[in-house]
Structure formats: structure tokens, C-alpha cells
Chemist: 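Input: one structure, supplied below.
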Amino acid sequence: MADGARTHFRTCHLCEAMCGIAIDLEGDRIVAIRGDKDDPFSRGHVCPKAVALQDVHEDQDRLRRPLRRTASGWEEVSWEAALDEAAARLAAVQAAHGRNAVAFYQGNPVVHNHGAILFGQLFQRSLGSRSRYSATSVDQLPQMLASLLMFGHQLLLPIPDVDRTDFLLVLGANPVVSNGSILTAPGIERRLKELRSRGGRLVVVDPRRTETAALADQHLAIRPGGDAFLLAALVHTLASEERLRLGRLAAFTDGLDPLVEALRPFSPEAVAGRTGIDAATIRALARDFAGAPSAAAYGRVGTCTQEFGALASWLVNVLNVVTGNLDRPGGAMFPNPAVDLVAFAERIGRRGHFDKSRSRVRGLPEFGGEWPAAVLAEEIEAPGAGQVRALVTSAGNPVLSTPNGARLDRALATLDYMVSIDLYLNETSRHAQLILPPTFALERSHYDLVFHALAVRDTAKFSEPLFPAPQGSLHDWQILLELGARIERARGEGGVRSWLTQRVLSALGPDGLVALLLRFGPRGAGLLPFGRGLTLGRLRRSPHGIDLGPLEPSLPRRLSTKTRRIELAPGRLLEDLKRLRLALDAPVNGGLALIGRRELRSNNSWMHNSERLVKGRERCTLLMHPADAAARGLRDAERVQVLSRVGSVSVPLEVSDEMRPGVVSLPHGWGHQRAGVRLAVASARPGVSFNDLTDETLVDPFCGTARLNDLPVEVTAAVPQGR
Ligand SMILES: Nc1nc2c(c(=O)[nH]1)N[C@H]1C(S)=C(S)[C@@H](COP(=O)(O)OP(=O)(O)OC[C@H]3O[C@@H](n4cnc5c(=O)[nH]c(N)nc54)[C@H](O)[C@@H]3O)O[C@H]1N2
Ligand SMILES: Nc1nc2c(c(=O)[nH]1)N[C@H]1C(S)=C(S)[C@@H](COP(=O)(O)OP(=O)(O)OC[C@H]3O[C@@H](n4cnc5c(=O)[nH]c(N)nc54)[C@H](O)[C@@H]3O)O[C@H]1N2
Ligand code: SF4
Ligand SMILES: [Mo]
């Protein structure tokens, strides 16, 4: 090793896979980022995004000082001035128009940042506003809702046991590219290949023959939005062929009879039109799934962000329960993480809630105290009591990530005040009066509060900061804590108690809180100083992480429903099933349906400023089946115009028989051409924003989740420039 050479070990926080990485340094210079072979969970796996940790860290466009918007452009200001000003202006809006006039939007990277999770909760309390939004309602909300209604807790999410299962049924997910979601399993591609080489079966249900489908034994190119119909027919088949086997689950499961009764209309023949899958194939799939020694059904973004997202997510769980596969090895299981936030929330009586109130303008239900992102623009625009007049964003880019982002873009420009806690001056934060930039990952510690709880194996790992936080920088948690405290003071509430709480929390920081949560968690040392249990100190001495073993059955103990039993047929879902019943007879969309996709070298909207990731061929293209292209006289690589009810974009066409005929696919997170962003690399390869096409009026009306997939569109040859 060269002089001053060293290696730092940590967890990559970019996606949900929790890969262990090894960062080689010479002095303070990063010379390589590679997989950590000694990480017991990821065993050396990394994807091409890991190197972007260095790119974002060193990015000249990444903000290091608070920015204030002035008439003549952006100017740097001190943290003191920035925090005081933001608190005073937000408190003033609340004083004039009520607490709910200030909205708070939390984006996806919050979940990958223990400081932002813990102190975001606190900030919400300080802000005291019910106008809360997050990426949940453009993502996993239906799965959380299904867990709340069936198992009694919105965070008790079943995870498919991919390493031990004999049959994996994947619907609306592409883990080979996304690296797994609500399924933390680093190196998932290898794990799927292992599943097949031990004789197991992989079936993928997706309108596109994805990278995951290409590995599968069987690919069913379903019609978009068809999942709830398919799943209902699978359960229907098992019921009518007397193949329902709940096994040990029967002792603590309610609702089987009403379920079977409610699914009676959904025979394989009845759903064939809606699913585009013939009845014989559906029956065979049902028999194979039920006949496998163990099996797990798993749905994700494609089954959530659609018209029947809640029903589909519920029926995924139902299929696992009625075949006895919930909570058994090889089925869908509940992790037992070292920090158990579910148990913690349960202990303080917080299990989640749904539809306790309705949004002001459109009357969509709250979920977990948040409004659907699809209503944010109208809540800003519509005058009257409760109108949103100011916004705080924390690690979110809703202009690119929520439906009809173009309308939100316009609405944000009308706010009285906006603050963005963000790394970049981007499509969303350009509307802020103040941007407060936190440190980036390598300058802070890391503990996965969320993804350890969604993993196929129990592990625990704590990462130290690689670099000290630069002089004059603040972490997300410090910004949230400081801003919250100042808002309380600006309201005249900052008494001795809140001052004291503030001191204590600031001294503990997120690591101190994690230390407590670990020590008093299910595997913790508790009060025993020399106990064998986990402590933060022990994790600190194990920089590759600690393996805690395979998942183990834990029901009925962990059920939080009132009855402490699994609710197979919650009333609200049976009610919503009537909508599915009506849709059986409705005509199907005869035109084109747009669906989304993800790219291995991209992560939602915010990593396109890394040259190493975006170089090479254009990735923001529209995939279309050859027959659809021929019918429209369109050729591969030509620019086409995609039109929806709300907007249009122009993109290069990629003709591909991966697509189901009638379905086209576009990735989201692009569209960096907007004026005023400071993203040199990204704006040179801007792509277009999928969410300039998505329609904010199209949601799953039951739960408010945006229908980002199955969007009706037209595609024509692009109008040449200058016409
Ligand atoms: N059409 C369509 N739209 C989609 C989806 C889809 O499949 N199709 N997927 C949806 C899904 S699943 C999600 S999760 C959402 C994501 O939606 P969002 O969370 O709103 O968007 P991101 O693109 O993740 O943007 C993250 C923002 O956080 C900033 N950031 C990154 N790291 C940090 C940090 O450590 N601290 C702070 N303070 N800021 C940071 C980035 O600069 C960026 O502005 O998009 C959704 N939108
Ligand atoms: N490389 C990379 N990794 C990521 C991300 C990223 O942007 N890039 N984002 C991260 C985030 S925030 C998330 S939430 C996860 C998401 O993880 P996944 O859900 O695994 O990722 P997607 O690629 O969105 O997969 C959705 C699939 O649903 C299909 N689909 C669309 N409509 C339907 C439908 O109606 N029915 C069915 N059955 N399928 C449908 C699409 O073709 C697509 O293949 O990925 C995470 N990991
Ligand atoms: S799959 Fe890639 S982005 Fe995700 S944690 Fe691993 S290295 Fe990071
Ligand atoms: Mo997501």
C-alpha cells in the first residue's frame, strides 16, 4: 500500500440494497470504490452507481452554503441568517393563515438517512402542520395500507424470502435493475439465479419483458392495471378447486369465507380480457404456486402506482396467506431487525391510520397523516381557509417525481414562501427563497433504520463518516432540529422545556438515538453492561456489519390488529372490490398505455449530474412494440411526440419487442431542461419528464396513490422544429 493509503468500509445508501462498499483512499483522495467482500450480506456485490458516491461528493454543482434568492440571482448567506429568516417567514405565514398553511414534503432520500428520519419526525412536531406530503403516495402506500388493514401496522411489511423459496411470483417489479425494493437483498440477480439453479421457479408478471423477466422461467405480459384481476382469479381458482391451505395460519386468520364469496365473480375466464392472460395459463399458475413446497408472491411499484393499487397489494398478501406461505421460510416473512421501529411505534400506540380525514379540495383520504402528492398543486392553488401558502421540502424533487409535475412547477412559483433542504439547485428547489444544503453521505454516519427491516436476512451495520463534516456545514438532522426550534421560538413557544429537549437531542444526535434503540431493541444488551446483546459500540467494532441469521416465523406474536389475528377480508377492501367488479365489464383502453421503467445507472431524479453515470447512449427513450410503431409509420431512433391529457414531450423512439403490444415505456426522473437549475452535466443531457405526462386526476380513488402507470397516451411523429 502506498503511503497514506487506507480503506474505509461503509454501506452504500443510494438504493435499498445496502451493499457493503470499500473506498480506497490516498490521503484524502478517493481512488476507488468497490464491493466489500467481507460484508456478510452483500459479499462484494455493487452496482455501477456506487462510484457516483464520489461524483456527488466532489460535484462542483453540489451546494455547500445556504443560498438565498434575490432579484439579481442567488447569493450565499450564513447559516444563522438563513435559519433565522426561514423560521421567521414560516412562522409569519402560520400566524397569518394558520398552521396548515405551511406544507412539508419529504422525498425518498430521507428514508436512506437516519438523521433525516428521526429529526424529520421532530421537525413535523415543531411545525405543527397537517399539510404533510411525501413520496409514499407515488410509491409504496398501497402496500403499507394492506399491512395496516391486514396485520394492524403500516410498517409490518412481508418480504419474499428469495434465498429459500421454491417459487417466486414477481408482479410489477424489476429487481434486477432496481436492486430490489421492499426486498433488500444485495446482489439480487445472483440470488434469483441461485433460486433457479436449486430447482425453484421464477415467474414475472410485467407488461414489458424486463431484465428480471429475461431471467425467469415464465413471463406473463399482463395488460397494465390487470394485476388485481389476475390475483383475484388466482385465489378464485384455488378456492374453486379446493386448494386453499392456510396451515398454521388458520389458527389466527379471520375472513376466509367472506373473501372467497367476494372473489366469486373473478373467474379466470372473467378476467382474461382485463389481464390479457388466458384462463388456462391463470389456472396453471395458481396450481403451480399452491403446489410448490414454498412460494412467495411479491408486488412492487407496478402493482402500487395504478388504478387498483390497494386491491392488488392486498391480494398479493392474500395469495401468500391462503397458500400457507406467509411467515414461513421460503414464503413472505417479517424481518426481526436490531432496531425495531414497528415494535417501538406499537409500544407508543402508533400503528398508522387511514382516511381519518379528507383533503380540502378533492376529498382524497389521508394515509399515515399525509395527503396524496397528487393533491399538492390544487391545495396551493385553491384559495380559502387551509390553502397552502408556504412549503418546506426535505430531500424531495416533486416537480419531477409527482403527477403533473408541470402544474406543480407553476403552483410552486405562486407560493408566499418556500425552503428546500437539498443538495442541489434543481427543478424543485429553484422555486425556494432559501436552499439549505446538508452534508452528503460520506461526511456523515449511516445506519439503515428502514432497510434492515425490509431485508431477506437479519443483519446490522453502522458506518462511520469517511470525511469530517466540513467547517460551517450542517447535517440534515441539524438543519431540521435548528429550523424547528427557531419556528417554535418565533411563535413565542420556546420555553425552558423545549430548550432542554433541544440541548439533549442535539447532544445525542441520530447516533445517540440509534445507540439507545439498539440497546433496548429486540437484540440489544439492555441495561447489562457486559451482556452479549448488541450495542452501537459492538457495531462500531464490526465495520463490515454483523450477520444475525435468516428470517424466522414471528406470527401471531407481531400482529397488531385489534383481534390480534390476520384480517384476510377487511371491510374497506371488500367495499373497494366492488369497483373492480364493475371494471370487469367496462371496455378496455384500446389505445396506447404508458408505463414507467428504471435504469441501472440512474436513481430517480437526482443522480444525472454524474458524468460517469449518464455518459453513453441516450437512456430517456420511449420503448414501443414493432407492430405499434409500424401501425403509426414510426421508425426506430426517430423523435416522437407523446401526448396525454395534461401535456406532451418529445423523445427518441426505441422499437422493441420487449413491450407488450399497446404498451409504451418511458423512464421517470428526467427533464432537466428547465431554466434556472444548476446541474451542468444533467442539463446537457436533460431527457424529458415522465411526470409532465402523468395526470394528477388519475389516482387509485380508494387510497389516493397516483396512477403513474397505465396512462392513456398517443404517440405521433414529432413535429419538426420551427413548424
Ligand atoms: N412517473 C413516475 N414517477 C415516479 C416514479 C415512477 O415510477 N414513475 N417513482 C416514484 C418513486 S418510487 C419515488 S420514491 C419518488 C421519488 O421522489 P422524490 O423523493 O420527490 O425525488 P427524488 O428524485 O428521489 O429526489 C430526491 C431529492 O433529494 C435530494 N437529496 C439527495 N440526497 C439528499 C440528502 O441526503 N439530503 C437532502 N436534504 N437532500 C438530498 C436530491 O438533490 C433531490 O432533489 O418518485 C416517484 N415518481
Ligand atoms: N437503478 C435504480 N434503482 C432504483 C431506483 C432507480 O430509480 N434506479 N429507484 C428506487 C426506488 S425509489 C424504488 S421505489 C424502487 C422500485 O423498484 P421496482 O418496483 O422493482 O422498480 P420498477 O423498475 O419501477 O418496476 C416496476 C415494474 O412494473 C412494471 N409495470 C408497470 N405497470 C404495470 C402494471 O400495471 N402491472 C404490472 N404487473 N407491472 C407493471 C414496469 O414495467 C416495471 O418493470 O427502485 C429503487 N431502486
Ligand atoms: S445496488 Fe448499487 S446503488 Fe444500490 S446499494 Fe448496491 S451499490 Fe449502492
Ligand atoms: Mo420509491
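Numbering of ligands and ligand atoms starts at 1, following listing order.
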Chemist: Short list, please: which atoms of ligand 2 are under 4.0 Å from a heavy atom of Gly225?
Modeler: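 Close to Gly225: 34 (C), 35 (O).
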Chemist: Starting from atom 43 (C) of ligand 2, locate the nearest protein heavy atom and write down its residue, its atom name and how far away it is, to 0.1 Å.
Modeler: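 It is Asp206 OD2, 3.4 Å.
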Chemist: May I ask you to list the atoms of ligand 2 that are less than 4.0 angstrom from any heavy atom of Lys49?
Modeler: 1 (N), 2 (C)
Chemist: What atoms in ligand 3 come closer than 4.0 Å to a heavy atom of Asn179?
Modeler: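 Within the 4.0 Å cut-off of Asn179, ligand 3 contributes 1 (S).
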Chemist: Less than 6.0 angstrom separating the ring centers of Phe308 and Phe229, yes or no?
Modeler: yes
Chemist: For the residue pair Phe123 and Phe104, is the inter-centroid distance of their aromatic rings smaller than 6.0 Å?
Modeler: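 Distance test on ring centres: under 6.0 Å, yes.
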Chemist: Counting each atom of ligand 1 from 1 as listed, which ones have a heavy atom of Asp476 under 4.0 Å away?
Modeler: 34 (C), 35 (O), 36 (N), 37 (C), 38 (N)
Chemist: In ligand 2, which numbered atoms sit nearer than 4.0 Å to a non-hydrogen atom of Arg300?
Modeler: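 Those atoms are 14 (S), 19 (O).
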Chemist: Check each atom of ligand 3 against the heavy atoms of Ala50 and keep those under 4.0 Å away; list them by number with element.
Modeler: 7 (S)
Chemist: Just do the side chain to side chain contact (heavy atoms under 4.5 Å, CB included) check on Ser313 and Cys304 with the steps written out, would you?
Modeler: CA-CA 7 Å; Ser313 301; Cys304 283; 3.8 Å; yes
Chemist: Note the single closest protein heavy atom to atom 22 (P) of ligand 1, along with its residue, its atom name and the distance in Å.
Modeler: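 Residue, atom and distance for the closest contact: Ser605 OG, 3.6 Å.
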Chemist: Just heavy atoms, cut-off under 4.0 Å: does Ile222 contact ligand 2 by side chain, backbone, both, or neither?
Modeler: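 Looking at Ile222 and ligand 2, just side chain atoms fall under 4.0 Å.
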Chemist: Just jot down the ligand 3 atoms closer than 4.0 angstrom to any heavy atom of Leu14, in number order.
Modeler: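 Result: 3 (S).
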Chemist: I need the atoms of ligand 1 closer than 4.0 Å to a non-hydrogen atom of Gly396, numbered in the order shown.
Modeler: 20 (O), 27 (C), 28 (O), 44 (O)
Chemist: Taking 4.0 Å as the limit for heavy-atom contacts, which would you say applies to Asn603 with ligand 2: side chain only, backbone only, both, or neither?
Modeler: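 Both backbone and side chain.
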Chemist: Do you see a donor-acceptor pair shorter than 3.5 Å between the side chains of Arg598 and Ser178?
Modeler: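 Judged by distance alone, the side chains do not pair up.
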Chemist: Give a yes/no on ligand 1: does Tyr105 have at least one heavy atom closer than 4.0 angstrom to it?
Modeler: yes
Chemist: Are Phe119 and Asp476 side-chain neighbours, meaning at least one heavy-atom pair lies under 4.5 Å?
Modeler: no
Chemist: Test your reading of the model: is there a side-chain donor-acceptor pair from Thr281 to the backbone of Ile277, 3.5 Å cut-off?
Modeler: no
Chemist: As an exercise, identify every atom of ligand 3 less than 4.0 angstrom from a heavy atom of Cys12.
Modeler: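 The atoms of ligand 3 under 4.0 Å from a heavy atom of Cys12 are 3 (S), 5 (S), 7 (S), 8 (Fe).
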Chemist: What do we get for Arg598 next to ligand 1 when only non-hydrogen atoms under 4.0 Å count, side chain, backbone, both or neither?
Modeler: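 For Arg598, only side-chain atoms sit under 4.0 Å from ligand 1.
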Chemist: Starting from the C-alpha separation in whole Å, work towards a yes-or-no answer on side chain to side chain donor-acceptor pair (under 3.5 Å) for His13 and Asn113.
Modeler: CA-CA 8 Å; His13 81 303; Asn113 179 333; over 6 Å; no
Chemist: I'd like to check which ligand 2 atoms, numbered from 1 as shown, lie under 4.0 Å from a non-hydrogen atom of Ser602.
Modeler: 1 (N), 2 (C), 6 (C), 7 (O), 8 (N)
Chemist: For atom 6 (Fe) of ligand 3, what's the nearest protein heavy-atom neighbour? Residue, atom name and distance, please.
Modeler: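 Here the nearest protein heavy atom works out to Cys19 SG, 2.3 Å.
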Chemist: Using a heavy-atom cut-off of under 4.0 Å, does the side chain or the backbone of Pro438 touch ligand 1, or both, or neither?
Modeler: side chain
Chemist: With heavy-atom distances below 4.0 Å as the criterion, list the atoms of ligand 3 near Lys49.
Modeler: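 Contacts of ligand 3 toward Lys49, numbered from 1: 3 (S).
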Chemist: What part of Arg444, side chain from CB on, backbone N/CA/C/O, both or neither, has a heavy atom under 4.0 Å from ligand 1?
Modeler: side chain
Chemist: With respect to Asn691, determine whether any N or O atom, backbone or side chain, lies less than 3.5 Å from an N or O atom of ligand 1.
Modeler: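 There is such a contact, yes.
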Chemist: Considering only heavy atoms of Val301, which atoms of ligand 2 have at least one such atom less than 4.0 Å away?
Modeler: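 Near Val301, meaning under 4.0 Å from one of its heavy atoms, ligand 2 has 14 (S), 16 (C), 19 (O), 24 (O).
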Chemist: Closer than 4.0 angstrom: is that true for some heavy atom of His608 and an atom of ligand 1?
Modeler: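 Judged by the 4.0 Å heavy-atom criterion, His608 does not count as contacting ligand 1.
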Chemist: Mind checking whether Phe462 and His114 have parallel, tilted or perpendicular rings, split at 30° and 60°?
Modeler: perpendicular
Chemist: For ligand 2, which atoms have a heavy atom of Glu599 less than 4.0 angstrom away?
Modeler: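 In order of numbering, the contacting atoms are 1 (N), 2 (C), 8 (N).
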Chemist: Heavy-atom distances under 4.0 Å decide this one: backbone, side chain, both or neither, for Asn604 against ligand 2?
Modeler: both
Chemist: Does ligand 2 have any atom sitting under 4.0 Å from a heavy atom of Val177?
Modeler: yes
Chemist: Checking a contact table here: which protein heavy atom is nearest atom 4 (Fe) of ligand 3, and how many Å away?
Modeler: Cys15 SG, 2.3 Å
Chemist: Relative to the heavy atoms of Asn426, which atoms of ligand 1 are at a distance of less than 4.0 Å?
Modeler: 42 (O), 43 (C), 44 (O)
Chemist: Examine ligand 1 and decide if any of its atoms is less than 4.0 Å from a heavy atom belonging to Gly669.
Modeler: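 No, that is not the case, since the closest heavy atom of the residue is not under 4.0 Å from the ligand.
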Chemist: Identify, by atom number and element, the atoms of ligand 3 in contact range of Cys47, meaning under 4.0 Å from any of its heavy atoms.
Modeler: 1 (S), 2 (Fe), 3 (S), 7 (S)
Chemist: Which atoms of ligand 2 are found less than 4.0 Å from any heavy atom of Pro207?
Modeler: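 Counting from 1, the qualifying ligand atoms are 30 (N), 33 (C), 37 (C), 39 (N), 40 (C).
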Chemist: Quick one: does ligand 2 sit under 4.0 Å from the side chain of Asp139, the backbone, both or neither, non-hydrogen atoms only?
Modeler: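 Contact part for Asp139 vs ligand 2: side chain (C-beta onward).
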Chemist: Mind checking whether Thr402 contacts ligand 1 via backbone (N, CA, C, O), side chain (CB onward), both or neither, at a 4.0 Å heavy-atom cut-off?
Modeler: neither
Chemist: In terms of atom number and element, which parts of ligand 1 are under 4.0 angstrom from non-hydrogen atoms of Ile421?
Modeler: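 The list of qualifying atoms is 37 (C), 38 (N), 39 (N).
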Chemist: Please confirm whether Gly596 approaches ligand 1 to less than 4.0 Å, judged on its heavy atoms.
Modeler: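 Distance cut 4.0 Å: Gly596 fails for ligand 1.
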Chemist: Does Gly107, backbone or side chain, put an N or O under 3.5 Å from an N or O of ligand 1?
Modeler: no
